[in-house]
Enquirer: 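Sharing a structure below in structure tokens format, with a few things to ask.
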Amino acid sequence: MSLAMEYDHWKSVVRGLSKPKVPIEPYVPVDRRSPSRHLPVPSAWEGIPSILADIFQRFRLKTRLCLEFGVEYGYSTVALSSFFDHVIGVDTFEGDKHTVNKSNIFELTQERLSVYPNISLVRSDYRDYIRNEVRNFDLIHVDIVHTFADTYACGLWSAQHSHCTLFHDTQSFPQVKQAVREIARATGKRFYNYQESHGLGVLL
Ligand SMILES: C[S@@+](CC[C@H](N)C(=O)[O-])C[C@H]1O[C@@H](n2cnc3c(N)ncnc32)[C@H](O)[C@@H]1O
């Protein structure tokens with residue numbers, strides 16, 4: 001399975017050599033501000049919450065409806081919920097080959113986030129979820145298993161169903177950055193990259 005994913009990644013890199021280069025614009029925040037909500041649980045997303053307001057302001061994003069793929073303990077979900085009327089978090093809650101957690105944490109996470117009325121959690125694989133979801137979102141955050149194939153599949157659907165799509169781990173996982181590059185190419189959207197906190201791709 002992982003060899004196949006690696007193959008998808010390198011196939012994309014090699015094919016990209018004969019195509020026009022996708023420009024990646026560095027994202028440099030001018031303002032850093034902590035959001036109103038913070039969940040004290042472990043997360044590689046640490047540092048990202050302080051640039052969310054900057055992103056929303058710079059790109060004049062609406063803050064009505066947000067979708068997140070990859071909730072885990074809820075750190076990023078809670079940070080996003082400081083800004084949006086409603087945040088839907090989708091996760092198998094079983095972890096993946098890149099996460100430390102491999103056990104089912106749905107009940108624990110749902111209980112922990114139950115104090116935030118604007119967060120709804122859905123226990124689902126992203127592939128099943130996107131089969132039935134037809135809405136458009138102001139923002140979608142993609143932070144699932146960090147393979148090229150899954151980031152591309154989930155991310156392409158997300159880019160087609162949101163004004164702005166965020167991708168975590170563009171710096172720590174080259175296959176995530178390559179998937180975002182390919183999605184930018186396929187959709188004609190612009191790719192900004194924030195280098196800190198393991199990297200955050202901003203596509204719009
Ligand atoms: C890196 S963690 C998310 C961290 C979270 N965004 C944060 O910053 O606190 C990745 C999560 O993606 C979930 N995941 C992996 N593959 C998935 C899939 N195919 N569908 C839904 N969720 C998936 C895992 O269960 C895991 O909880």
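The figures here come from the full heavy-atom set of this structure, side chains too, leaving out hydrogens, waters and symmetry mates. Atoms within each ligand, like the ligands themselves, are counted from 1 in listed order.
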Enquirer: Starting from atom 25 (O) of ligand 1, find the nearest protein heavy-atom neighbour and note its residue, name and distance.
Expert: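 Its nearest protein heavy-atom neighbour is D91 OD1, 2.7 Å.
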
Enquirer: Of the side chain and backbone of H168, name the one, both, or neither that has a heavy atom under 4.0 Å from an atom of ligand 1.
Expert: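 Answer for H168: neither.
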
Enquirer: Could you establish whether C154 and ligand 1 come within less than 4.0 Å of each other, counting only heavy atoms on the residue side?
Expert: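 No heavy atom of C154 comes that close to ligand 1.
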
Enquirer: For the residue pair F137 and W157, does the interplanar ring angle fall in the parallel (under 30°), tilted (30 to 60°) or perpendicular (over 60°) class?
Expert: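 Ring orientation, 0 to 90° scale: tilted.
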
Enquirer: Go through the structure and list residues passing ring-ring contact (aromatic ring centres under 6.0 Å, His included) with H86, not counting sequence neighbours.
Expert: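 For H86, no residue satisfies ring-ring contact (aromatic ring centres under 6.0 Å, His included) once neighbours in sequence are set aside.
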
Enquirer: Atom 10 (C) of ligand 1: which protein heavy atom is closest, and how many Å away?
Expert: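 I find the closest protein heavy atom is D143 O, 3.1 Å.
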
Enquirer: If you take the centroid of each ring, where Trp contributes its six-membered ring, are Y192 and F59 closer together than 6.0 Å?
Expert: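 Yes; Y192 has its ring centre under 6.0 Å from that of F59.
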
Enquirer: Any N/O of G74 closer than 3.5 Å to an N/O of ligand 1?
Expert: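 No; the residue has no nitrogen or oxygen that sits under 3.5 Å from a nitrogen or oxygen of the ligand.
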
Enquirer: How would you list, by chain and number, every residue that makes a side-chain contact (heavy atoms from CB on, under 4.5 Å) with E46, sequence neighbours excluded?
Expert: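 E46: side-chain contact (heavy atoms from CB on, under 4.5 Å) contacts with Y75.
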
Enquirer: Atom 23 (C) of ligand 1: which protein heavy atom is closest, and how many Å away?
Expert: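 Atom 23 (C) of ligand 1 sits closest to the protein heavy atom I144 CG2, 3.9 Å.
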
Enquirer: Using the rule that two of Ile, Leu, Val, Met, Phe, Trp, Tyr join whenever any of their side-chain heavy atoms come within less than 4.5 Å, decide whether F191 and V176 are in one cluster.
Expert: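 The answer is yes; both residues are in one hydrophobic cluster.
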
Enquirer: For ligand 1, is T92 a contact, meaning one of its heavy atoms is under 4.0 Å away?
Expert: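 T92: in contact with ligand 1 (<4.0 Å).
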
